Chemist: 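Supplied in structure tokens, the structure appears directly below.
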Protein chains: 2
Amino acid sequence: MKIGELAERSGLTVPALRFYERKGLFGVGTVKRLGNNYREYDESVLETLDLIKKAQTAGFSLNEIDSLLGRYKVEGPNSPEIRAALTEKLKELDDRITDIMAVRNIVVEKLHKRKKPAGK
Amino acid sequence: MKIGELAERSGLTVPALRFYERKGLFGVGTVKRLGNNYREYDESVLETLDLIKKAQTAGFSLNEIDSLLGRYKVEGPNSPEIRAALTEKLKELDDRITDIMAVRNIVVEKLHKRKKPAGK
DNA sequence: CTTGACCCTAAAGTGTGCTTGAGGGTTGAT
DNA sequence: ATCAACCCTCAAGCACACTTTAGGGTCAAG
């Protein structure tokens, strides 16, 4: 599929997709070029984009996503460095979830507190 | 307490604290000025900073935090607009948690997958 | 009364994640 | 052949969250 269609299907903008590509977020072979130099995307890029979106929401920068995705593809799941990095990311995720739950509780509390904010 | 001590106790930098103040994140009365124009912070600012940090980790921008914190203080917990905004934030938080859990599951899966990444 | 560790303001600089603009080729329909 | 609707490559610009720089005051100790 071409970039316009991918933009529509992924919900991203055309320039954003080109930007991601320059960042190196798409694995080799996922973006080819047609005779007219137009980009031709593999269907699999949709999953990659979905992961990128979720990882971003999870608080990771494109660089972090890139290095994890890229190194993972190169070194595989058995590299001690990759395993260490993943373990660290897991800890970060858990910390983030803890913080989000804390904020969530505060919001819930404020929502439940009607009239007279004095409720020990 | 003065800004240097607050920086140490909060883990933030001195310029960051001044930046937050310009953004209006500290409620009235929490930052006074001494005779020499030095800032004098109320102890309560530590809790505010803690909330700000958590809300940031939860994915909210300083502007969002500011407007929610500020409007809440002015309009109280019973304003329909505040309740609507909080309800929306709650939805955002839940969506974010869902996304983080999805990323977490992917990381966990990759960590458990040793040798032979083929495990239907 | 100077030295060092503090504090102040205003303004410019930085990294991230894009968007916008300029200038131009390609494709398909009319 | 020309028009809209695509696509391309730079390069510059923008919002956010700070940091850094520049140029000064303040204060306790020696």
Side-chain angles (χ1 to χ4, degrees), chain A residues 1-26 30-43 45-46 48-70 89 92 96 99-100 103, chain B residues 1-26 30-42 45 48-70 89 92 96 99-100 103:
Chain A
M1 103 198 72
K2 283 182 288 178
I3 200 166
E5 189 189 339
L6 179 58
E8 256 191 62
R9 289 176 64 183
S10 67
L12 290 161
T13 66
V14 166
L17 290 169
R18 293 201 268 243
F19 175 79
Y20 285 178
E21 186 178 344
R22 276 207 309 286
K23 275 250 141 187
L25 288 166
F26 302 142
T30 56
V31 197
K32 293 180 179 106
R33 291 302 179 121
L34 298 171
N36 51 17
N37 201 33
Y38 287 10
R39 286 170 180 82
E40 172 67 21
Y41 293 91
D42 190 276
E43 290 283 327
V45 78
L46 283 164
T48 306
L49 288 174
D50 192 53
L51 175 57
I52 290 170
K53 276 190 228 169
K54 283 179 173 137
Q56 276 189 296
T57 306
F60 294 111
S61 70
L62 291 181
N63 285 340
E64 287 174 299
I65 296 168
D66 181 30
S67 77
L68 270 175
L69 236 59
K89 292 304 170 196
E92 281 179 47
R96 223 177 292 271
D99 278 3
I100 296 184
V103 174
Chain B
M1 105 197 72
K2 283 182 288 178
I3 200 166
E5 188 188 341
L6 178 59
E8 256 191 60
R9 290 176 64 184
S10 67
L12 291 161
T13 66
V14 167
L17 290 168
R18 293 201 269 245
F19 174 80
Y20 284 179
E21 185 179 344
R22 275 208 311 286
K23 275 249 144 188
L25 289 165
F26 302 142
T30 56
V31 196
K32 293 181 180 106
R33 293 300 180 121
L34 299 169
N36 51 18
N37 201 32
Y38 287 10
R39 285 170 181 81
E40 171 68 20
Y41 292 92
D42 190 276
V45 80
T48 305
L49 288 175
D50 193 53
L51 174 58
I52 290 170
K53 276 189 227 169
K54 285 180 172 133
Q56 276 189 297
T57 305
F60 294 111
S61 71
L62 291 182
N63 284 341
E64 288 174 301
I65 297 168
D66 180 30
S67 77
L68 269 175
L69 236 59
K89 292 302 169 197
E92 281 179 47
R96 223 176 293 272
D99 278 3
I100 297 185
V103 175

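Model, not experiment: these values are computed from the prediction. Just so it is clear: chains get the letters A, B, ... in the order the sequence lines come, proteins before strands, and each one is counted from 1.
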Chemist: Does the side chain of B/Asn37 get closer than 4.0 angstrom to OP1 or OP2 of C/dC7 through an N or O atom?
Modeler: no
Chemist: Return the value, rounded to whole Å, for the distance between atom CD of A/Glu5 and atom C1' of D/dC7.
Modeler: 14 Å
Chemist: What closest approach, in Å, do A/Tyr41 and A/Val45 show between heavy atoms, and which atom pair accounts for it?
Modeler: CB-CG1, 4.0 Å
Chemist: Within the 4.0 Å heavy-atom criterion, would you say B/Arg22 contacts the bases, only the backbone, or no part of the nucleic acid?
Modeler: nothing
Chemist: Can you measure A/Ile52 atom CD1 to C/dT16 atom P for me and round it to whole angstrom units?
Modeler: 16 Å
Chemist: Over how many whole Å does the gap from B/Arg33 atom CZ to D/dG25 atom P extend?
Modeler: 16 Å
Chemist: Send over the distance from A/Lys53 NZ to C/dC18 P, rounded to a whole Å.
Modeler: 11 Å
Chemist: The side chain of B/Pro15 is closest to which nucleotide in this list: D/dT9, D/dT20, D/dC6?
Modeler: D/dT20
Chemist: More than 12 foreign heavy atoms under 6.0 Å from CD of A/Glu40: is that the case here?
Modeler: yes
Chemist: When you measure from the side chain of A/Asn36, which nucleotide among D/dG25, D/dC16, C/dT27 comes out closest?
Modeler: C/dT27
Chemist: Describe the nucleic acid contact of A/Ile3 in one word from base, sugar-phosphate, nothing, applying a heavy-atom distance below 4.0 Å.
Modeler: sugar-phosphate
Chemist: From CD of B/Glu8 over to P of C/dA5, roughly how many Å is that when rounded to an integer?
Modeler: 14 Å
Chemist: Do the side chain of B/Lys53 and the main chain of B/Ser10 share a donor and acceptor less than 3.5 angstrom apart?
Modeler: yes
Chemist: Check every atom of D/dA17, D/dT26, C/dT19 against the side chain of B/Leu62 and return the nucleotide holding the closest atom.
Modeler: D/dA17
Chemist: What is the distance, to the nearest angstrom, from the CE atom on A/Met1 to the C1' atom on D/dC7?
Modeler: 16 Å
Chemist: What is the distance from CZ of B/Phe19 to C1' of C/dG15, rounded to the nearest Å?
Modeler: 14 Å
Chemist: Is a donor-acceptor pair below 3.5 Å formed from side chain A/Tyr20 to base C/dG17, judging by atom type as modelled?
Modeler: no
Chemist: Say you draw a straight line from CD1 of B/Ile100 to NZ of A/Lys54; how long is it, rounded to the nearest 0.5 Å?
Modeler: 12.5 Å
Chemist: At what distance, to the nearest 0.5 angstrom, does CD1 of B/Ile65 lie from NZ of B/Lys89?
Modeler: 9.5 Å
Chemist: Closest to the B/Arg18 side chain: C/dG17, C/dC8, C/dC7?
Modeler: C/dC8
Chemist: Please state whether the phosphate of C/dC18, meaning OP1 or OP2, lies under 4.0 angstrom from any side-chain nitrogen or oxygen of A/Thr13.
Modeler: no
Chemist: I want to check something: taking the side chain as every heavy atom from C-beta on, are A/Leu49 and A/Tyr20 in contact at a cut-off of under 4.5 Å?
Modeler: yes
Chemist: Taking the nucleotide of DNA chain C with the closest heavy atom to each, which residue, A/Lys23 or A/Gly35, is nearer the 5' end?
Modeler: A/Lys23
Chemist: Using the side-chain heavy atoms of A/Val14, tell me which of these nucleotides is nearest: C/dC8, D/dT19, D/dC7.
Modeler: D/dC7
Chemist: Strictly below 4.0 Å: does A/Gln56 bring a side-chain N or O up to OP1 or OP2 of C/dC18?
Modeler: yes
Chemist: Could you please name the option among D/dT19, C/dC8, D/dA17 that lies closest to any side-chain atom of B/Arg39?
Modeler: C/dC8
Chemist: Could you state the CD1-C1' distance from A/Ile65 to C/dC18, rounded to the nearest angstrom?
Modeler: 14 Å
